[in-house]
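This report refers to the structure that appears directly beneath it.
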Amino acid sequence: MKVIISPAKKMRAEAVIPWEDLPVFIDRSCILLDRLHGLSFEECKALWGCSQKLAEANYERLQHMDLRRDLSPAIMSYEGIQYQYMGAGVLDDDAYAYLQEHLRILSGLYGVLRPFDGVTPYRLEMQAKLAVDGAPDLYAFWDASIYDAVMDEDRTVVNLASVEYSKCVSAHIREGDSLLKVVFGELVDGKVMQKGTLAKMARGEMVRFMAENRVEDPEDLKGFTGLGYRFAPELSSNREYVFLK
């Protein structure tokens, strides 16, 4: 069983815990970096869709970026809400070992990351319209390689990623695969409504729950009660687990 999550836009260089390996698609990442190096500041700013200040900082960082030096473990490098609630900095060694085996972070630049793969801060969202290596965008560039990397021998993936990233896997699902979507929401007029920030918090809490309890069977996810969420069997199926606040 594998668990997929999205990256975060905000990153830091965190070297308190050493990284272990280079990402599995490092050579492909270098192709993307070379393509980015060929863009002007204005082209990068348009690609990133961010403010002038953020674009200037990221463009400066891009000029000196080296994907094989001055790295830090991926799980410690992302600073988004999901990662804060994951609490990776306070987990024990057994939990780290669990995450290294089961957790995969999807990335526009790196494709797939194990928690202790070495990364450098970057900005490149999966939906970015970057034509590279004959592909019109990053979805076409990565094609089925992300799916192949996360779908292990028991053919089960727990999806805690956003639609933007999870489609890298869902678009390639085959017969016999199990892609379990997890939804964190509230009932509003009889419909399940998901709030972005709360959902990100809950995804992080669930990753920590899985690591601390060494969850090996998706069925055991039903016991998750973080942030006041409870499993809603009447709204769930074998393809989608719904948790209500």
Side-chain angles (χ1 to χ4, degrees), residues 1-11 49-50 74-91 95 98-99 102-108 112-113 115 125-128 139 146-147 150-151 156-173 177-245:
M1 180 184 74
K2 292 292 186 291
V3 183
I4 57 172
I5 63 174
S6 304
K9 292 180 182 178
K10 190 176 181 182
M11 296 184 70
C50 61
I75 199 169
M76 302 296 181
S77 300
Y78 293 105
E79 291 192 275
I81 294 172
Q82 178 174 358
Y83 292 85
Q84 294 171 27
Y85 277 77
M86 197 184 305
V90 298
L91 295 175
Y98 174 91
L99 293 177
H102 295 283
L103 184 67
R104 297 295 179 263
I105 303 167
L106 308 188
S107 163
V112 176
L113 292 165
E125 296 181 56
M126 188 64 74
Q127 63 186 355
Y139 292 111
I146 292 177
Y147 162 89
V150 303
M151 190 60 74
T156 299
V157 173
V158 176
N159 179 14
L160 292 175
S162 66
V163 173
E164 173 190 350
Y165 285 92
S166 63
K167 67 189 292 185
C168 298
V169 176
S170 63
H172 303 281
I173 289 296
D177 294 343
S178 174
L179 179 62
L180 176 62
K181 181 181 179 181
V182 181
V183 175
F184 298 100
E186 300 176 22
L187 274 182
V188 178
D189 297 328
K191 296 182 178 180
V192 178
M193 303 296 291
Q194 197 166 212
K195 297 180 179 179
T197 299
L198 287 174
K200 290 176 182 178
M201 292 162 58
R203 289 168 185 160
E205 288 266 357
M206 179 165 276
V207 171
R208 190 170 78 227
F209 169 83
M210 297 179 76
E212 291 176 340
N213 293 280
R214 319 293 190 260
V215 172
E216 298 288 347
D217 187 338
E219 184 75 14
D220 294 332
L221 295 178
K222 296 177 180 179
F224 174 78
T225 58
L227 299 176
Y229 285 98
R230 297 291 187 277
F231 178 67
E234 72 280 5
L235 298 172
S236 301
S237 68
N238 60 358
R239 293 184 178 182
E240 182 174 285
Y241 281 6
V242 176
F243 291 81
L244 296 180
K245 209 166 177 52

Step through the shown structure and confirm whether more than 12 heavy atoms of other residues, nucleotides or ligands are within 6.0 Å of [atom1] on [X].
X	atom1	result
Lys200	NZ	no
Lys222	NZ	yes
Lys245	NZ	yes

Nearest heavy-atom neighbours spanning [X] and [Y]:
X	Y	answer
Leu160	Gln82	O-NE2, 4.2 Å
Gly87	Arg208	N-NH1, 4.3 Å
Leu198	Glu186	CD1-OE2, 3.8 Å
Leu113	Ser107	CD1-CB, 4.3 Å
Pro218	Leu180	CB-CD2, 3.8 Å
Ala8	Gly80	CB-N, 3.4 Å

Check: [Y] and [X] side chains under 4.5 Å, non-hydrogen atoms:
X	Y	value
Glu216	Tyr98	yes
Phe231	Thr225	no
Ile75	Leu103	yes
Tyr85	Leu227	yes
Glu125	Lys9	yes
Val183	Glu240	yes

Give the intermediate values and the outcome of side chain to side chain contact (heavy atoms under 4.5 Å, CB included) for residues Val182 and Phe243. CA-CA 8 Å; Val182 181; Phe243 291 81; 3.9 Å; yes
Once you round to the nearest 0.5 Å, how far does [atom1] of [X] lie from [atom2] of [Y]?
X	Y	atom1	atom2	result
Cys168	Leu106	SG	CG	6.5 Å
Leu235	Lys191	CG	NZ	13.5 Å
Tyr241	Met206	OH	CE	9.5 Å
Ser77	Lys10	OG	NZ	13.5 Å
Leu99	Glu212	CG	CD	9.5 Å
His102	Arg214	NE2	CZ	10.0 Å

What pairs with Tyr139 under ring-ring contact (aromatic ring centres under 6.0 Å, His included), at least two apart in sequence or on another chain?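 Not a single residue meets the ring-ring contact (aromatic ring centres under 6.0 Å, His included) criterion with Tyr139.
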Sequence neighbours left out, what passes ring-ring contact (aromatic ring centres under 6.0 Å, His included) with Phe209? Give chain and number order.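 Testing Phe209 for ring-ring contact (aromatic ring centres under 6.0 Å, His included), a comparison that skips the adjacent residues, returns Phe224.
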Please report the C-alpha distance between Met126 and Ile146 in whole Å, then the side-chain angles of each, then the deciding distance to 0.1 Å, and finally whether the side chain to side chain contact (heavy atoms under 4.5 Å, CB included) criterion is met. CA-CA 12 Å; Met126 188 64 74; Ile146 292 177; 3.8 Å; yes
Flag the pair Glu164 and Lys167 as a salt bridge only when some basic side-chain nitrogen lies within less than 4.0 angstrom of an acidic carboxylate oxygen.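 The answer is no: the pair does not qualify as a salt bridge.
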Go through the steps to decide whether Tyr83 and Arg203 satisfy the test side chain to side chain contact (heavy atoms under 4.5 Å, CB included), and finish with yes or no. CA-CA 9 Å; Tyr83 292 85; Arg203 289 168 185 160; over 6 Å; no
side-chain hydrogen bond (donor to acceptor under 3.5 Å, both in side chains) between Ser178 and Thr156, intermediate numbers included: CA-CA 5 Å; Ser178 174; Thr156 299; 4.6 Å; no
Decide yes or no on side chain to side chain contact (heavy atoms under 4.5 Å, CB included) for Val157 and Ile173, but give the supporting numbers first. CA-CA 10 Å; Val157 173; Ile173 289 296; over 6 Å; no
Under 3.5 Å: donor-acceptor pair, side chain of [X], backbone of [Y]:
X	Y	answer
Gln194	Phe184	yes
Ser6	Tyr165	no
Asn159	Ala161	yes

